[in-house]
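Worksheet: one structure, shown below.
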Amino acid sequence: MMVKEEKGAGGGNDIQWCFSQVKGAIDDDVAEADIISTVEFNHSGELLATGDKGGRVVIFQQEQENKIQSHSRGEYNVYSTFQSHEPEFDYLKSLEIEEKINKIRWLPQKNAAQFLLSTNDKTIKLWKISERDKRPEGYNLKEEDGRYRDPTTVTTLRVPVFRPMDLMVEASPRRIFANAHTYHINSISINSDYETYLSADDLRINLWHLEITDRSFNIVDIKPANMEELTEVITAAEFHPNSCNTFVYSSSKGTIRLCDMRASALCDRHSKLFEEPEDPSNRSFFSEIISSISDVKFSHSGRYMMTRDYLSVKIWDLNMENRPVETYQVHEYLRSKLCSLYENDCIFDKFECCWNGSDSVVMTGSYNNFFRMFDRNTKRDITLEASRENNKPRTVLKPRKVCASGKRKKDEISVDSLDFNKKILHTAWHPKENIIAVATTNNLYIFQDKVN
Amino acid sequence: MECALDAQSLISISLRKIHSSRTQRGGIKLHKNLLVSYVLRNARQLYLSERYAELYRRQQQQQQQQQQQQQQQQPPHHQHQHLAYAAPGMPASAADFGPLQLGGGGDSPAPASSPGFYRGAYPAPSDFGVHCSSQTTVLDLDTHVVTTVENGYLHQDCCASAHCPCCGQGAPGPGLASAAGCKRKYYPGQEEDEDDEEDAGDLGAEPPGGVPFAPCKRARFEDFCPDSSPDASNISNLISIFGSGFSGLVSRQPDSSEQPPPLNGQLCAKQALASLGAWTRAIVAF
């Protein structure tokens, strides 16, 4: 319907989102290991990685666009699957360490191979994913099946040659960064220098070099001398996309601190503190919980950053600390339900958020398999649903509406009918195209904008 | 925003969450337990302030009965009392707590139902005049040691004005003199009168009429808020379990220029919550 001026631009409401693919098991009985815990496109958008609770990483690759059949962009097919982390046991503390993949971050591609960092609660691993499509044949001393030949039967010599083979994708762990975190790792972020990265747990942030595994620098430590005085924890951290000396971290109190590593070795003192005063009329038992920030993401430009708390998405201008420049309500109708959401633990759900390639639209998830997009330019927003009911390719998704109170209109869904077990915590937007990956509990949905 | 649950239910739900988190796979989640502790603190403050409302109501009834009997004429000090009330050491975090908008359960006392519940609509807590010395049972989640503590309520709360019967000061409250049979509350250190006199100056302006504040010692962190009603002793015990630790929640000291907190229940809770150490240690298994 609408013609986009350029690829990658376009508001959430100017484009029509169509179902493209869904990955994962169909049955309603969800195996816990299959629960998707992270979704991430690589820098070109050609690869899409997911991590799950069972410690596995699945990478999808977009097939090359068929120039003739231009009605849709390439589909994503499984490229590689590997077990990244295994459950471990810390004998000293009698603690089991979950294998759940908390975050995946891609490195920019430097050669034929792809590299990504994956982390669970305690250990970060650097994985190399490489293709093999040729194999050597014609050894003198070995048969093709690997058995050794009797040397006495060799009468002539030949030079082994590479012959094509079926594509094989191999994942191998190249670095293991372990034993640096006492608390649970919640974030990893690769520096724009492409040599270092940070990892953040509840109380500390460490700086690593990608080549060095036996050392890391602690750059933030908010652990109080007396743990009884603990009032806040670190919830997310990210490097600035362009300034290699700058990073931010968010807290459970709803604040974001921007730190400059040039200022001092230990960045306990922030350069900037972003905080919005609380609205006293909204005070409740659960004010502290819903103000806790669950995700922080810089815009691609580096001028803005976005934070997600339980009920809203906020856009901050790095030049203004005292309040966000934009605030979008994700599901304000839940404010009156916080009590029951506390009882069933949903209030602790950590929603992520993401920018589109041009920083004009932001997206985040909600309940009932709904996800929301906010167009920063037109100020319009849209609610869509990830559901197998719309699973015909190129079916345009119908906008959804939640009826907060009063008379429910046709096609609206009332708040009490929302399924709080169906939550979309992880979403990702292709860096260049209008392709989005939306993870429900155990399925991965891929949506594209309608191409005429 | 109304909460469908009352403070007691919230407290027990929160405690259950903390308990079950200890057996969760992957170890104790520090972030989640910290958030649950905030809910606990909030619920506890509401619960305690409801208790004080209850006590105040009873005291009021007592006063009215005695007033009828004795037919004394006294200038009303009430309105001024709580305005003049100052709370040294009142943590900013509790002071921030003013406008808790909570339904607080269907049977909350009348003052609680008004929106101004936490904003000085509240009568001076000094009129409570209930000073029981009660036993509180404390369970340390770390060591699983159960101790029984002999303690009273926080002197500072109830004695913030002249109307404190336990202080036996020249409180002109009608009929309160008859209740002066109660001794002043004893802290574990057994303060003397003289010490309290010195503290009177800390409490800010004296009420009009020149009646000095009943001197109150600053409550120590180890003190608990009392449960003066045997009915709710279970809940009080639950609260006492978490009566230590996470003192950082209430650690900030206010400026002397800060507004006096309108609600005494907050102050009491602050004292009691100030040392939430035991269960914090339970949570932090590292």
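Residues forming a side chain to side chain contact (heavy atoms under 4.5 Å, CB included) with A/S287 (at least two apart in sequence, or on another chain): A/E278, A/R283, A/S284. For A/Y333, there are no ring pair (Phe, Tyr, Trp, His ring centres under 6.0 Å) partners, not counting sequence neighbours.
Counting only heavy atoms from C-beta outward, the side chains of A/L230 and B/L30 approach each other to under 4.5 Å. When side chains are defined from C-beta on, B/L40 does not count as touching A/F285, because their heavy atoms never get closer than 4.5 Å.
For A/T235, the part lying near chain B is the side chain, with the backbone staying farther off; criterion is any non-hydrogen pair under 4.5 Å. Both the backbone and the side chain of B/S14 have a heavy atom closer than 4.5 Å to some heavy atom of chain A.
Here CD of A/E288 is found 4.5 Å from CG of B/N42. Values are rounded to the nearest 0.5 Å. Annotation: the span from B/L35 atom CG to A/S291 atom OG amounts to 8.0 Å, rounded to 0.5 Å. With rounding to the nearest 0.5 angstrom, the NE2 atom of A/H184 is 9.0 Å from the CD1 atom of B/I28.
Using a 4.0 Å cut-off between a side-chain N of Lys or Arg and a carboxylate O of Asp or Glu, B/K32 and A/D345 qualify as a salt bridge.
When all heavy atoms of A/S252 and B/H31 are compared, the closest pair comes out as CB-NE2, 3.5 Å. B/K17 and A/Y342 make their closest contact through NZ-O, 2.8 Å (heavy atoms, listed as atom of the first residue, atom of the second, distance).
Crowding of B/R25 atom CZ: a count of heavy atoms from other residues, nucleotides or ligands under 6.0 Å exceeding 12. No more than 12 heavy atoms of other residues, nucleotides or ligands lie within 6.0 Å of OH in A/Y91, so this atom counts as exposed by the packing criterion. With a 6.0 Å radius and a threshold of 12 heavy atoms from other residues, nucleotides or ligands, A/E32 has its CD atom at or below the threshold. By the 6.0 Å contact criterion, CG on A/N179 is open, its count of non-hydrogen atoms from other residues, nucleotides or ligands being 12 or less.
Ranked by non-hydrogen atom pairs under 4.5 Å with chain B, the options A/L92, A/I347, A/I289 are led by A/I289. Chosen from A/E88, A/E99, A/E232, A/K100, the residue pairing most often with chain B at heavy-atom distances under 4.5 Å is A/E99.
Both tests do not hold together for B/K29 against A/F348: distance to the six-membered ring centre under 6.0 Å, angle to the ring axis within 45°.
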